[in-house]
**Q** 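I have a structure here, written as structure tokens, and I will follow up with some questions on it.
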Amino acid sequence: MKFAVDSSFFIGLFTADQKAKLSKKLFFSLKEKREKVYVPLQAMSEVVEILENRFNLDRDVIYDYMIAILSNYVFYVEKGDLFYRVIELYKKHPSVNIKKLLIMEESRERQISKILSLDSCFDDLDMTIIKKI
């Protein structure tokens, strides 16, 4: 892998943003040359937040975009299996943001089911919120 990618690249691919032409041109060039691009987990969560908050896209549309990244041979997504599980939860739990889902799923991966938090959203995700030790 020669390249890593930032969230702005994907925003250009998925929107009519001013950078869209460059992103699309780069993507087709990468695809033609069969390059592999490293996608940090942070970039994936940023894409979700930007599409949701700045572009007001529906979660189903964002889900489809994230699946497109995960399933495209050009992209190697850091912790891709983990992010796939997170994006599935993202679609099912519209009141929980992507970062909370990442925290929860990374905790579960480490076999941790209790969390120190003041946010009640973790109750909906089968995490035990600890308020007293």
Side-chain angles (χ1 to χ4, degrees):
M1 278 179 268
K2 299 179 197 174
F3 308 102
V5 68
D6 178 51
S7 58
S8 63
F9 173 82
F10 291 117
I11 299 304
L13 282 180
F14 298 142
T15 67
D17 191 69
Q18 61 187 349
K19 299 172 187 159
K21 287 182 184 177
L22 178 57
S23 288
K24 287 177 173 104
K25 183 178 177 182
L26 285 169
F27 174 71
F28 289 118
S29 179
L30 290 164
K31 199 170 181 177
E32 180 182 302
K33 295 177 182 181
R34 303 202 57 83
E35 293 285 353
K36 200 80 164 152
V37 177
Y38 172 71
V39 184
L41 197 54
Q42 177 67 27
M44 292 293 280
S45 66
E46 282 180 10
V47 171
V48 170
E49 286 185 323
I50 292 167
L51 292 174
E52 189 176 278
N53 299 328
R54 189 185 313 159
F55 292 93
N56 298 314
L57 294 181
D58 183 72
R59 279 188 177 220
D60 288 334
V61 173
I62 295 170
Y63 171 85
D64 290 343
Y65 286 155
M66 296 302 98
I67 294 300
I69 294 170
L70 288 164
S71 61
N72 194 296
Y73 70 86
V74 171
F75 304 115
Y76 171 77
V77 178
E78 175 188 24
K79 298 183 179 182
D81 292 341
L82 171 91
F83 195 78
Y84 180 80
R85 292 191 310 271
V86 167
I87 205 65
E88 290 289 325
L89 290 167
Y90 174 81
K91 190 174 178 180
K92 291 177 187 173
H93 297 278
S95 63
V96 185
N97 75 35
I98 194 76
K99 288 181 181 175
K100 300 287 186 194
L101 293 168
L102 278 166
I103 290 167
M104 189 235 13
E105 202 55 31
E106 284 186 341
S107 298
R108 280 189 182 162
E109 208 171 65
R110 289 169 177 75
Q111 298 180 343
I112 299 170
S113 61
K114 298 175 185 171
I115 189 160
L116 304 172
S117 178
L118 304 178
D119 294 334
S120 62
C121 70
F122 289 105
D123 279 335
D124 298 335
L125 301 169
D126 298 325
M127 291 286 289
T128 303
I129 299 173
I130 304 299
K131 296 180 181 176
K132 184 178 178 183
I133 297 179

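Being a predicted model, the structure only gives us computed values, none of them experimental.
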**Q** Applying side-chain contact (heavy atoms from CB on, under 4.5 Å), run through Val39 and Phe10 and close with a yes or a no.
**A** CA-CA 10 Å; Val39 184; Phe10 291 117; 3.8 Å; yes
**Q** Less than 4.5 Å apart, side chain to side chain, heavy atoms only: is that true for Leu102 and Leu82?
**A** yes
**Q** For the hydrophobic clusters of this structure (ILVMFWY residues joined by side-chain heavy atoms under 4.5 Å, transitively), does one cluster hold both Val5 and Tyr73?
**A**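 Linked within one cluster.
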**Q** Does Leu89 reach the side chain of Met104, with side-chain heavy atoms less than 4.5 Å apart?
**A**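 Yes, at least one pair of side-chain atoms sits under 4.5 Å.
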**Q** Could you check whether atom NZ of Lys25 has more than 12 heavy atoms from other residues, nucleotides or ligands sitting under 6.0 Å from it?
**A**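 It does not: Lys25 NZ has 12 such atoms or fewer within range.
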**Q** For residues Tyr65 and Val47, determine if any side-chain heavy atom of one lies less than 4.5 Å from a side-chain heavy atom of the other.
**A** no
**Q** For Lys114, does the NZ atom sit with more than 12 other heavy atoms under 6.0 Å from it, leaving out its own atoms?
**A** no
**Q** Got a second to check how far Ile87's CD1 is from Tyr63's OH, nearest 0.5 Å?
**A** 8.0 Å
**Q** About how many Å separate CZ of Arg59 and NZ of Lys92, when rounded to the nearest 0.5 Å?
**A** 13.5 Å
**Q** Let me see the working for Lys24 and Leu13 under side-chain contact (heavy atoms from CB on, under 4.5 Å), right down to the final yes or no.
**A** CA-CA 6 Å; Lys24 287 177 173 104; Leu13 282 180; 3.8 Å; yes
**Q** May I ask you to test the Phe27-Phe75 pair for a side-chain heavy-atom distance under 4.5 Å?
**A** yes
**Q** Give a yes or no on this: more than 12 heavy atoms of other residues, nucleotides or ligands lie within 6.0 Å of atom OH of Tyr76.
**A** no
**Q** Looking at CZ of Phe83 and CD of Glu78, how far apart are the two atoms once the value is rounded to the nearest 0.5 Å?
**A** 11.0 Å
**Q** Under a 4.0 Å threshold between the charged nitrogen and the carboxylate oxygen, would Lys79 count as salt-bridged to Glu109?
**A** no
**Q** Any idea which heavy atoms bring Ala43 and Ser7 closest together, and the distance?
**A** O-CB, 3.8 Å
**Q** Taking all heavy atoms of Gly12 and all of Ser23, pick out the closest pair and write down the distance.
**A**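 Result for this residue pair: CA-OG, 3.6 Å.
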**Q** Within this structure, what is the CD1-OH distance for the pair Ile69 and Tyr84, rounded to the nearest 0.5 Å?
**A**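 Between Ile69 CD1 and Tyr84 OH, I get 14.5 Å after rounding to 0.5 Å.
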**Q** Hey, could you give me the OG/CE distance between Ser71 and Met66, rounded to the nearest 0.5 Å?
**A** 11.0 Å
**Q** When you measure from the side chain of Ser107 to the backbone N and O of Ile103, does any donor-acceptor pair fall under 3.5 Å?
**A** yes
**Q** With the 4.5 Å side-chain cut-off for hydrophobic clustering, are Leu116 and Ile112 part of the same group?
**A**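 No, because Leu116 and Ile112 fall into different hydrophobic clusters, even though each may have its own neighbours under 4.5 Å.
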**Q** Got Leu70 and Ile67 here, is their nearest side-chain heavy-atom distance under 4.5 Å?
**A** yes
**Q** Is any side-chain heavy atom of Lys91 less than 4.5 Å from a side-chain heavy atom of Asp60?
**A** yes
**Q** Could you tell me whether Arg85 and Glu88 make a salt bridge, using a distance below 4.0 angstrom between a side-chain N and a carboxylate O?
**A**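 Not counted as a salt bridge, because no side-chain N and carboxylate O are separated by less than 4.0 Å.
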**Q** Might you confirm whether atom CG of Asp81 has over 12 heavy atoms from other residues, nucleotides or ligands at distances under 6.0 Å?
**A**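 No, CG of Asp81 has 12 or fewer neighbouring heavy atoms, counting only those of other groups under 6.0 Å.
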**Q** Run the numbers on Ile98 and Met44 for side-chain contact (heavy atoms from CB on, under 4.5 Å), then give the verdict.
**A** CA-CA 10 Å; Ile98 194 76; Met44 292 293 280; over 6 Å; no
**Q** Please tell me if the side chains of Thr15 and Leu51 come closer than 4.5 Å, counting only heavy atoms from C-beta onward.
**A** yes
**Q** Less than 4.5 Å apart, side chain to side chain, heavy atoms only: is that true for Ile115 and Thr128?
**A**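 SC-SC contact between Ile115 and Thr128 ruled out.
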**Q** For the atom pair CD1 (Ile129) and CZ (Phe122), what is the distance rounded to the nearest 0.5 Å?
**A** 7.5 Å
**Q** Which pair of heavy atoms, one from Arg110 and one from Glu106, lies closest together, and at what distance?
**A** NH1-O, 3.1 Å
